Protein chains: 2
Amino acid sequence: MKRDSRLSVALHVLLHMAQRQASMTSEEMAACAGTNPVVIRRTFAGLREAGIVASTKGHGGGWSLGRPLSQISLADVQDALDEPVIALGRAEDSPGCLIEQAVNAALDEAVVEARALLTKRLATVSLAELFGRVDTTKIPLPKDHHHV
Amino acid sequence: MKRDSRLSVALHVLLHMAQRQASMTSEEMAACAGTNPVVIRRTFAGLREAGIVASTKGHGGGWSLGRPLSQISLADVQDALDEPVIALGRAEDSPGCLIEQAVNAALDEAVVEARALLTKRLATVSLAELFGRVDTTKIPLPKDHHHV
DNA sequence: TTTCATGTAATAATATTTGTTACATGAAAC
DNA sequence: GTTTCATGTAACAAATATTATTACATGAAA
């Protein structure tokens with residue numbers, strides 16, 4: 001299946017924004033992620049609502065971080081995207097089938113736990129930390145930037 | 001995205017097999033799950049390799065459980081299907097981008113942990129237990145069976 | 001008022017999962 | 001031995017999900 005990769009894209013672009021320390025247009029952001037500006041605007045709409053980024057329209061507009069990297073956890077970004085994250089597909093409903101109900105209940109329980117763990121785990125990592133893991137000495141200067 | 005629901009389907013059908021206490025054709029199994037016989041054969045091929053079920057060809061053939069329900073955990077079934085179960089989509093590769101590498105590494109770590117928890121959790125539940133959770137007094141007799 | 005950038009709807013392209021058809025293979029029944 | 005029934009697969013079609021693209025309205029600066 002084609003998996004939702006918005007979280008990965010969002011984090012990738014957010015760190016590029018941090019690296020630049022300046023606002024970026026969705027076109028520039030799209031270039032970072034190898035995607036389309038409209039996809040960026042769609043993806044980041046959720047982040048804007050969550051206050052993780054801010055956007056301004058018009059000439060000279062663009063996107064910027066809404067608060068310090070240290071105050072943004074990976075879980076914050078995940079939540080802002082409201083993607084399913086973990087989901088076991090459920091079989092087609094056979095209404096009234098007690099067996100199916102028991103199966104789905106059991107699977108749901110386990111999934112809820114795993115999902116909680118994942119969120120908890122993502123909450124322990126801030127963008128600042130993550131940014132710190134990148135060896136910035138090896139990153140080309142902004143002007144050279146394409147997909148780097 | 002359309003999520004892989006093979007685990008749900010497999011468990012559902014396995015319990016119906018247990019309830020019947022007799023071998024079933026893939027056509028009968030498909031009726032239980034509201035799907036197609038070929039889909040069942042495909043799905044259960046993995047379970048057969050894992051010894052969870054056995055199949056016999058020819059006249060009077062069909063599928064039967066390979067070992068007692070008590071010796072089959074939900075994790076066994078999950079493994080036999082080798083579906084991804086938990087996966088965060090990854091952005092398109094930007095080869096050599098250190099930021100993307102850091103992002104994906106961080107996400108992978110968290111996913112591996114969540115996946116391990118889910119498997120561990122599924123390993124604690126056997127099909128026998130799960131079957132016990134079904135109120136069998138409410139299940140119509142085999143002859144009445146369609147999607148029940 | 002021109003230019004630039006976001007916001008969003010509508011639509012197309014792409015990918016994944018599921019469903020279907022077709023037929024080969026194997027085993028029992030006759 | 002031939003007919004019947006069921007699995008085993010390949011090949012292909014349909015359904016669904018995600019991503020990409022186009023088009024245009026809106027807002028703000030030059």
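Quick caveat, the model's predicted, so the values are computed rather than measured. First the proteins, then the strands, lettered A, B, ... as listed; each starts at 1.
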*Quick one: is A:S26 getting a side-chain N or O under 4.0 Å of the C:dT6 phosphate, OP1 or OP2?*
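The answer is yes; a side-chain N or O of A:S26 sits under 4.0 Å from OP1 or OP2.
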
*Is A:S5 near enough to D:dT19 that one of its side-chain N or O atoms lies under 4.0 angstrom from OP1 or OP2?*
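Yes, A:S5 has a side-chain N/O under 4.0 Å of OP1/OP2 on D:dT19.
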
Please give, in whole Å, the distance from [N] [atom2] to [X] [atom1]?
X	N	atom1	atom2	answer
B:I40	D:dA6	CD1	C1'	14 Å
A:L7	D:dT19	CG	P	12 Å
B:E49	D:dG8	CD	P	10 Å
B:L81	C:dT18	CG	P	11 Å
B:W63	D:dA6	CH2	P	14 Å
B:R48	D:dT9	CZ	C1'	11 Å
A:R6	D:dA20	CZ	P	12 Å
A:E27	C:dT3	CD	P	17 Å

*Counting side-chain heavy atoms from CB outward, which of C:dA5, C:dG7, D:dT7 is closest to B:S55?*
D:dT7

*Report the residues that fulfil side-chain contact (heavy atoms from CB on, under 4.5 Å) with B:P68, sequence neighbours left out, ordered by chain and then residue number.*
B:S70, B:Q71

_Under the rule for side-chain contact (heavy atoms from CB on, under 4.5 Å), what residues qualify as partners of A:T119, not counting sequence neighbours?_
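A:T119 satisfies side-chain contact (heavy atoms from CB on, under 4.5 Å) with A:A75, A:Q78 once adjacent residues are dropped.
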
_For B:R41, all residues meeting side-chain hydrogen bond (donor to acceptor under 3.5 Å, both in side chains), sequence neighbours excluded_ = B:S26

*Who are the side-chain hydrogen bond (donor to acceptor under 3.5 Å, both in side chains) partners of B:E109, not counting sequence neighbours?*
A:R121

N/O donor-acceptor pairs under 3.5 Å from side chains in residues 43-61 of chain A, not counting sequence neighbours:
unit_1 : atom_1 : unit_2 : atom_2 : d
A:T43  : OG1    : A:V39  : O      : 2.8
A:R48  : NH1    : A:S55  : OG     : 3.2
A:T56  : OG1    : A:G62  : N      : 3.4

*Which ILVMFWY residues are connected to A:L117, directly or by a chain of links, through side-chain heavy atoms under 4.5 Å apart?*
B:L117

_Apply the hydrophobic cluster definition, ILVMFWY joined by side-chain contacts under 4.5 Å directly or through others, and give me every member besides A:V112._
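Result for A:V112 is none, singleton.
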
*Would you say A:D76's side chain and A:S73's backbone share a donor-acceptor pair under 3.5 angstrom?*
yes

_Side-chain (B:S126) to main-chain (B:E129) donor-acceptor, under 3.5 angstrom_ =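 Indeed, once roles are kept as given, a pair shorter than 3.5 Å links the two residues.
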
_For a quick check, with a 4.0 angstrom heavy-atom cut-off, what is the B/S/- contact string for nucleotides 21-30 of chain D, read 5' to 3'?_
BB---BBBBS

*Paired stems touching DNA chain D, three or more consecutive Watson-Crick or G-U pairs with both distances under 3.5 Å?*
C:1-30 with D:1-30

